[in-house]
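No hydrogens, no waters, no symmetry mates; every other heavy atom, side chains included, goes into these values.
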Amino acid sequence: MPEPIHILGGGLAGSEAAWQAARRGARVTLYEMRPERPTPAHQTGGLAELVCSNSLKSEQEFTAPWLLKEELRRLDSLLLRAAEAARVPGGHALTVDREKFSAEVTAAIASEPAIEVRRAEVTAVSRDAITVVATGPLTSEALTQDIASLTGSDRLYFYDSISPIVEADSVDMSVAFWASRYGKSTGGTDDYLNCPFSREQYERFVDALLEAQRATAHIAEDRTPYFEACLPIEELARRGRDTLRFGPMKPVGLVDPRTGRRPWAAVQLRQENLRAQSFNLVGFQNHLKFGDQARVLRMIPGLERAEFLRFGQMHRNTYINAPALLGPTLQLRARPEVLFAGQISGVEGYVEAIATGLMAGAHAAALAAGEPPRALPRETALGSLCHYISRADAANYQPANITFDLLPALDEDAWERMRHDKQARRAEVCRRALEALENHRTEAARV
């Protein structure tokens, strides 16, 4: 009898992976070290315990979180079914009773005869079995060291330093201008969109930044200080009023076309290669409450009406540099029998962890059956999330949650027809995604 699939971690990704692999005919051993060895964040030994929030994001139709959950429902996600069973009132969000949610998942896994749950710490990835690594942001020290030896220690990160992302069409282009410092560009094009400050604007911005409230840590933080290379902007501001404008906001080599002079300071926005219609605020990682971030960052000239796809974050996290290591089926390129899922693969958010767990479980089952894993179409939210994980810029990789800018843009004709109707554009992206998913499932059934 073949060796069962090993799934490391009984969180959201690991539980979903185990269920999907078992439902496809594979034998599974699911390893979870709790409660024998607790973590700083978890309170119980239950599978799929939620630790930061009890919300699985928006259920409002034609939003990106809605689309991802709709795809998961159509692929029979165990955790989405558990969420429905544990649902409590939460407005437009899918909000659950944490204890009931975990109990539903734990009971389902326990009742599946193809899954064996072992309550033990795993200190090394098996060199013989198909393995899904889904140990989350608080992977144990021993296993972390083994993953580092497997992937290369320079490809393993321990802190999220995530800069905010804004929608491109919410930037005031009468204020922002394209330019690279000193005219240095790539391929003859200016790489950055610049938001220029006068001295007065800069002083007000620093005052607001210093007054903003720090976010509460979702995961207990150790005493390790911030890396100097990724200090939060509010920490830089505390070191002196001019620190920011000699750091991430330095204006040297820039000329504001409206004045013909160098601005007092400038924030640079960069369009990421796999994110359509959005910009990253370069070097603007921070640890502020989201409401304060929105208020302060909208003081940046040109971002007064900014719509944020993601806010900045900084916290303890263990994740791999997935684009340098994984393929679109979440397999380790150097060792295809090893797959990664959940936060350790570089996704942010509960639903995203479930999504990568579902895909990793399905792909692991295909491997166990001697079949080639098949990535989902790029047009789907699931396919785009896995595409980002495996194809983003490895030199500047940051974990991602699901947003429309990860999905392919509409073709030019469709965009022009709906140029002034954002909701119609989003509805069309969702329609295209669900159609692609159904076509993929039909084709897979024929094969």
Does [X] reach the side chain of [Y], with side-chain heavy atoms less than 4.5 Å apart?
{"X": "L269", "Y": "L281", "answer": "yes"}
{"X": "L382", "Y": "L72", "answer": "yes"}
{"X": "T318", "Y": "I147", "answer": "no"}
{"X": "L407", "Y": "I402", "answer": "yes"}
{"X": "K250", "Y": "R245", "answer": "no"}
{"X": "L143", "Y": "V125", "answer": "yes"}
{"X": "Q343", "Y": "L12", "answer": "no"}
{"X": "T151", "Y": "R335", "answer": "no"}

Worksheet item: Is there a donor-acceptor pair under 3.5 Å between the side chain of E49 and the backbone N or O of S102?
Response: no
Item to complete: For R425 and M418, indicate whether the former's side chain and the latter's backbone hold a donor-acceptor pair under 3.5 Å.
Response: yes
Do you know the tightest heavy-atom contact between [X] and [Y]?
{"X": "R310", "Y": "S163", "result": "NH2-O, 2.9 Å"}
{"X": "S198", "Y": "W264", "result": "C-CB, 3.7 Å"}
{"X": "I233", "Y": "G283", "result": "CG2-O, 3.5 Å"}
{"X": "A124", "Y": "D146", "result": "CA-OD2, 3.4 Å"}
{"X": "G10", "Y": "S15", "result": "O-OG, 3.2 Å"}
{"X": "R81", "Y": "W19", "result": "NH2-CZ2, 3.5 Å"}

Discussion item. Test side-chain contact (heavy atoms from CB on, under 4.5 Å) on L434 and L67; report intermediate values, then the result.
Written reply: CA-CA 8 Å; L434 297 175; L67 174 61; 3.9 Å; yes
Practice prompt. Show your working on side-chain contact (heavy atoms from CB on, under 4.5 Å) between Y31 and L8 and close with a plain yes or no.
Written response: CA-CA 5 Å; Y31 294 88; L8 313 186; 3.8 Å; yes
Fill in: Crowding at CZ, R261 (>12 non-hydrogen neighbours, <6.0 Å)
no
Worksheet entry | Full working for side-chain contact (heavy atoms from CB on, under 4.5 Å) between L80 and L94 | CA-CA 10 Å; L80 263 291; L94 175 53; 4.0 Å; yes
Item to complete: Check the pair S384 / R378 against side-chain hydrogen bond (donor to acceptor under 3.5 Å, both in side chains), numbers first and verdict last.
Response: CA-CA 5 Å; S384 285; R378 177 82 167 82; 2.9 Å; yes
Worksheet item: What residue among P373, P328, C386, S345 forms side chain to side chain contact (heavy atoms under 4.5 Å, CB included) with M359?
Response: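 Checked P373, P328, C386, S345 against M359; only one passes side chain to side chain contact (heavy atoms under 4.5 Å, CB included): C386.
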Item to complete: Check the side chains of T329 and Q331 for a donor-acceptor pair under 3.5 angstrom, ignoring hydrogens and angles.
Response: yes
Discussion item. Check the orientation of Y202 and F197. Use parallel for under 30°, tilted for 30 to 60°, and perpendicular for over 60°.
Written reply: perpendicular
Practice prompt. Could you please spell out the steps behind the salt bridge (Lys or Arg N to Asp or Glu O under 4.0 Å) verdict for E200 and R204?
Written response: CA-CA 6 Å; E200 292 73 23; R204 288 197 298 270; over 6 Å; no
